[in-house]
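Notes follow the structure.
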Protein chains: 2
Amino acid sequence: MTENPYPSEWLRGVLGLAVLRVIADGPTYGYAIALALADQGFGEIKGGTLYPLLGRFEESGDVSAEWREGDGGPGRKYYRLTESGRRLLHDRGRMWHGFARHMSGFLTTMPTERIER
Amino acid sequence: MTENPYPSEWLRGVLGLAVLRVIADGPTYGYAIALALADQGFGEIKGGTLYPLLGRFEESGDVSAEWREGDGGPGRKYYRLTESGRRLLHDRGRMWHGFARHMSGFLTTMPTERIER
DNA sequence: CGTCGCTAGGTAGCACGCCGATCTAGATAG
DNA sequence: CTATCTAGATCGGCGTGCTACCTAGCGACG
């Protein structure tokens with residue numbers, strides 16, 4: 001269950017942005033991010049996708065990571081947005097609204113029946 | 001010029017849908033599709049991206065192709081939507097509106113400041 | 001005690017798709 | 001003759017998602 005409602009190529013494109021958005025709610029860790037995204041109706045993000053992505057974000061300095069011992073269960077690596085990450089989320093977020101409207105408008109315009117020769 | 005206004009990972013995701021939408025206006029050919037997309041504000045789609053994509057659509061039966069001699073210039077391969085292609089455009093188009101709203105809403109919701117421990 | 005299952009993170013191999021470069025080729029302009 | 005635009009196509013490299021698989025802590029169950 002929790003079927004993937006959207007084509008994976010769409011999800012792929014926005015996955016990074018969605019992850020930043022989740023982290024923006026406050027420091028959290030990979031497994032919880034995956035659960036949050038699944039809960040929010042984006043598909044189930046697999047570890048093999050998520051952890052390398054978080055690693056790239058860390059490498060690019062958009063998130064910072066901190067290890068905490070788990071209280072009941074294994075340790076967790078908590079991620080938080082850096083200043084640059086917050087800026088990235090903000091900018092890309094604004095950009096997304098434009099893109100979404102742009103694409104929706106393009107799809108919606110009535111076909112100007114091109115003359116078939 | 002004609003800068004790429006959006007992250008390429010977003011464009012990549014919707015490229016197929018956008019191409020179908022262009023073809024929906026009536027039979028057209030690859031080079032013209034690339035020009036139309038650039039004109040519509042999506043970036044410049046490279047031949048190495050577009051032609052394989054059109055090939056995959058043809059293979060999947062969503063478009064059909066027909067060769068026509070060029071009037072002034074090289075020959076052109078005209079593509080038209082098949083019934084299944086039209087259905088795909090329609091369904092994916094509807095799906096896109098949902099996805100775009102979904103993602104926009106997710107980005108817009110105020111952060112429910114997670115308690116930092 | 002041994003095992004199962006959940007939580008949590010990580011890695012390796014494979015496959016797919018974008019991208020840049022390169023090629024062919026017709027038409028036209030200089 | 002050469003350059004440029006149009007038009008299509010292919011190929012190698014690269015990035016990245018995805019499927020498996022692995023480690024490891026902890027609790028529950030028989």
Side-chain angles (χ1 to χ4, degrees), chain A residues 2-4 6-19 22-23 27-39 42-60 63-79 117, chain B residues 1-4 6-20 22-23 27-39 42-60 62-79:
Chain A
T2 335
E3 291 292 323
N4 225 345
Y6 305 117
S8 64
E9 64 239 51
W10 296 354
L11 293 166
R12 261 181 257 142
V14 299
L15 180 58
L17 190 54
V19 165
V22 170
I23 301 178
T28 187
Y29 54 98
Y31 192 77
I33 294 172
L35 293 181
L37 289 175
D39 192 60
F42 306 92
E44 305 192 20
I45 281 73
K46 301 302 162 60
T49 299
L50 183 59
Y51 292 115
L53 174 64
L54 287 168
R56 291 196 295 278
F57 273 140
E58 199 182 347
E59 201 176 1
S60 69
V63 304
S64 61
E66 173 201 356
W67 184 265
R68 303 189 199 173
E69 293 305 321
D71 50 357
R76 299 165 170 177
K77 200 168 171 185
Y78 279 77
Y79 297 92
R117 286 168 301 172
Chain B
M1 219 173 289
T2 336
E3 293 292 323
N4 225 345
Y6 304 118
S8 64
E9 64 240 49
W10 296 354
L11 294 164
R12 262 181 257 139
V14 298
L15 180 58
L17 190 53
V19 165
L20 290 181
V22 171
I23 301 178
T28 187
Y29 55 97
Y31 192 78
I33 294 172
L35 292 180
L37 289 176
D39 192 61
F42 305 92
E44 304 192 19
I45 281 73
K46 302 302 161 59
T49 300
L50 183 58
Y51 293 114
L53 175 65
L54 287 168
R56 290 195 297 276
F57 273 140
E58 199 181 348
E59 200 176 1
S60 68
D62 294 310
V63 304
S64 61
E66 173 202 357
W67 184 265
R68 304 189 198 173
E69 292 305 320
D71 50 358
R76 299 164 171 177
K77 199 168 170 184
Y78 279 77
Y79 297 92

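Letters A, B, ... mirror the listed sequences (proteins, then strands); counts begin at 1. What you see is a predicted model; the values in this text were computed from it and never measured.
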Length of the CD-C1' vector between B/Glu69 and C/dA25, whole Å: 12 Å

Criterion side chain to side chain contact (heavy atoms under 4.5 Å, CB included) on A/Ile33 and A/Ile45, from CA distance to verdict: CA-CA 9 Å; A/Ile33 294 172; A/Ile45 281 73; over 6 Å; no

Nucleotide nearest B/Arg76 (side chain, heavy atoms from C-beta), chosen from D/dC18, D/dT6, C/dG9: D/dT6

Nearest-neighbour nucleotide for the B/Lys77 side chain, D/dC18, C/dC19, D/dG8 considered: D/dG8

Evaluation steps, side chain to side chain contact (heavy atoms under 4.5 Å, CB included), between A/Ile23 and A/Leu54: CA-CA 11 Å; A/Ile23 301 178; A/Leu54 287 168; 4.2 Å; yes

Check against side chain to side chain contact (heavy atoms under 4.5 Å, CB included), A/Tyr51 and A/Tyr31: CA-CA 9 Å; A/Tyr51 292 115; A/Tyr31 192 77; 4.2 Å; yes

Residue whose closest nucleotide on DNA chain D lies nearer the 5' end, A/Arg56 versus B/Tyr79: B/Tyr79

Spacing between B/Glu9 atom CD and C/dC16 atom C1', to the nearest angstrom: 17 Å

Nearest-0.5 Å distance that lies between atom CG in B/Leu20 and atom CZ in B/Phe57: 4.0 Å

Gap between atoms CD1 and P, on B/Ile45 and C/dC18 respectively (whole Å): 10 Å

Sugar-phosphate, base or nothing in reach of A/Gly75, heavy atoms under 4.0 Å: sugar-phosphate

Of the listed nucleotides C/dG9, D/dG17, D/dA7, the one nearest the side chain of A/Trp67: C/dG9

N or O in side chain of B/Tyr31 less than 4.0 angstrom from D/dG8 OP1/OP2: no

A/Lys46 side-chain N/O to D/dA20 phosphate OP1/OP2 under 4.0 Å: no

Sugar-phosphate only, base, or nothing, as touched by A/Gly48 at under 4.0 Å among non-hydrogen atoms: base

Candidates D/dG17, C/dC18, D/dG8 - which lies nearest the side chain of B/Thr49: C/dC18

B/Trp10 CH2 - C/dC18 P separation (whole Å): 18 Å

B/Phe57 CZ to C/dG17 P, straight-line distance once rounded to whole Å: 11 Å

Steps toward side chain to side chain contact (heavy atoms under 4.5 Å, CB included) verdict (A/Tyr79, A/Glu58): CA-CA 9 Å; A/Tyr79 297 92; A/Glu58 199 182 347; 4.1 Å; yes

Comparing A/Pro74 and A/Pro52 on DNA chain C - which has the more 5′ nearest nucleotide: A/Pro74

B/Leu53 CG - C/dC19 C1' separation (whole Å): 14 Å

Nucleotide D/dG8, atom C1' - distance to CD1 of B/Ile33 in whole Å: 12 Å

d(CG, A/Leu15; P, D/dT16) in whole Å: 12 Å

